[in-house]
2 protein chains.
Amino acid sequence: MSRATLRDVALLAGVSPKTVSRVVNREPGVTEAKVTAVTAAIEKLGYRPNFTASSLRRAGGRTATIGVVLENVANPFSSSLHRAMEDVAREHGVSILAGSVDEDPARERDLINIFAGRQVDGLVVAPASGNQGYLTTELLAGTPVVFVDRPPVGIQADTVVIDNRAGARRAVEHLIAHGHHTIGYLGDLRSIATARDRLQGYRDALADQGIRPGPVVEDVHTEREAEQAVHRMLAGSRPPTALFTAQNLVTIGAIRALRALRRQHAVALVGFDDFPLADLLEPGVTVVAQDPTAMGRLAASLVFRRLAGESGEPAVHEIPTRLIPRGSGEIQNVV
Amino acid sequence: MSRATLRDVALLAGVSPKTVSRVVNREPGVTEAKVTAVTAAIEKLGYRPNFTASSLRRAGGRTATIGVVLENVANPFSSSLHRAMEDVAREHGVSILAGSVDEDPARERDLINIFAGRQVDGLVVAPASGNQGYLTTELLAGTPVVFVDRPPVGIQADTVVIDNRAGARRAVEHLIAHGHHTIGYLGDLRSIATARDRLQGYRDALADQGIRPGPVVEDVHTEREAEQAVHRMLAGSRPPTALFTAQNLVTIGAIRALRALRRQHAVALVGFDDFPLADLLEPGVTVVAQDPTAMGRLAASLVFRRLAGESGEPAVHEIPTRLIPRGSGEIQNVV
DNA sequence: CTGAAAGCGCTTACAG
DNA sequence: CTGAAAGCGCTTACAG
């Protein structure tokens, strides 16, 4: 009923536990007769080695598991990161423990404690807001920690981010180039570093051209809030002719609002973050795209490089963004 | 440098390992003075209990981890399942090891072996095609296994599926009700059980009304293939006035083809599986929607019920589908 | 080529 | 209230 152990196999095969261990780990130098006997016993008992127990004793004590802390495993950005890391991990024979933080710093800390308690060999963390200084313990204990999507606060570690400020600037320059002078900004929670950077990029682009900032709404976190914010913005005293929506869900909410007002072909829009089917909407949605696959692969690779013994100062890696024109961002301002 | 152990804490606090264990596990009956000393030592050394080691010895030997084998953690359906299971698991203090199979039976088996080797307390598997009989070992060893999305082959176990045949039938009846008599079918690999069921539902609906089946194309697995198949179908000798696309990516590929031909407002379409932004396309895409959140929650719950000792025969649970009219499925056939 | 002893970090089952 | 001994399932470090 209960699971067979290495000892059970040894007893049945009439050999010592150590010999079973040799067969299981394909160590050379075991008589063919014993290999056969052990193999038969393993088969008969349905024996599966307890990897957890072996890693407890094995030199190095690696568990061949890394912990991945994401915003939400179900959102397209997080899940693309996740998949990219899985592919890299798999090349190294490593499994992934994943969890969702939902922007909750306490949850982030809980997850990391849980993963650390399970002796993960490394961690990749897309941090919520707040401070990640508590991870110093891990780093000192030699567990590689890599941050992805957002830089950590209160700790120095390898980090993979995009250049949010430059990407946002690029988006707004694109709108300016199409004749817009009143460009509205809608962005995520100001507690999020990337949201602050994107707002800064928006301001940079306008300041550069001596253009006065348009209406700015921060702390927009859901589709619904974005929709309402756009309704208010367009009904306001200085309605923008173009919008820069600094996050995925915000972009979609804004599109819903423009649709409801039948202004989707009149008000230009560039969104930050690509999303599925953006090209199938009418107009197609112009975005500044991140490359979550590249980010995930690099983040996981950095963990493995550190595990392979690479030393040196932690570095911040910036993955470039790409502006993808699809229609909505190329709507000209008619004066 | 290296991680402190329970023994290190005991030494520093001047107590026995057992006492440290008591404090860590909040067992009652330890002098306050010793609790203080141990707590201080834990703090000083940055000690974190090795949960893996404790589960090795602990009665029951549970690892508070379940393994989740999905088609692809990055696809919206899989990742919604994943998130729903995470939420249930979290209520039980359990973490999730997740992996992607990509329709590869060998990969499925590998993943399950890896998870079993890590002593997961239970498994949720969205099986690839092929046979899952090899899981009998797990079941016999007392590890709960629950299948989700697709029924297993070669083994009896708790299963959570939708009624694919009824859902497909519903979709096609909807098209018939809008006057269509030539309804094309495009479906996924015939090696996939759900794809076969959906084709059967399509046939049921037509047979019921004495309508001759329209053009049928199976083994369409990618967006690109779907796009090409629709082009061929509409250029064929018996062009359909409506399409039933039996899977997510197939639906999207079909929409691309209709767009390219400017027939999206002329040819009716109902898709199986909902997808993000389906309501924002023009026309909105009518779908038969599954409820991955309900499926994931139920699947995870079944694992925990078994872990809690629930016995009884394994059961197949069918989650109902829902037809969501959004425009594309309500295009009337003009005769 | 093979195995007996010790130990990974922790908990169980006792004894005091 | 506290701790010494044994053991979870495996591997290391030896010895033969």
Contact check, residues 12-40 of chain A vs DNA chain C, heavy-atom distance under 4.0 Å, returns A:Val15, A:Ser16, A:Lys18, A:Thr19, A:Arg22, A:Gly29, A:Val30, A:Thr31, A:Lys34

ask   = Distance-only, no hydrogens or angles: does the A:Ser79 side chain make a donor-acceptor pair with backbone N or O of A:Asn75 under 3.5 Å?
value = yes

Give a yes or no on whether the backbone of B:His221 and the side-chain of B:Asp188 come within a donor-acceptor separation of less than 3.5 Å. no

Residue pairs passing the ring pair (Phe, Tyr, Trp, His ring centres under 6.0 Å) test with at least one member in residues 87-128 of chain B, sequence neighbours excluded, are B:His92-B:Phe304

Whole angstrom is fine here: how far is it from [atom1] in [X] over to [atom2] in [N]?
X        : N      : atom1 : atom2 : value
A:Gln119 : C:dC10 : CD    : C1'   : 11 Å
A:Arg62  : D:dC10 : CZ    : C1'   : 19 Å
A:Asn50  : D:dT11 : CG    : C1'   : 12 Å
B:Leu45  : C:dG9  : CG    : P     : 14 Å
B:Leu11  : D:dG3  : CG    : C1'   : 14 Å
B:Arg57  : C:dG9  : CZ    : P     : 17 Å
B:Leu6   : D:dG7  : CG    : C1'   : 16 Å
A:Arg58  : C:dG7  : CZ    : C1'   : 15 Å

For atom CD of B:Gln156, is the number of surrounding heavy atoms from other residues, nucleotides or ligands below 6.0 Å larger than 12? no

_Taking NZ in B:Lys18 as the centre, count heavy atoms belonging to other residues, nucleotides or ligands within less than 6.0 Å. Is the count above 12?_
yes

Quick note, salt bridge (charged side-chain N to carboxylate O under 4.0 Å, His left out) partners involving residues 92-118 of chain B, not counting sequence neighbours, are A:Arg83-B:Asp102, A:Glu86-B:Arg107, B:Glu103-B:Arg150

Mate of D:dG16 across any strand shown (Watson-Crick or G-U wobble, both atom pairs under 3.5 Å) is C:dC1

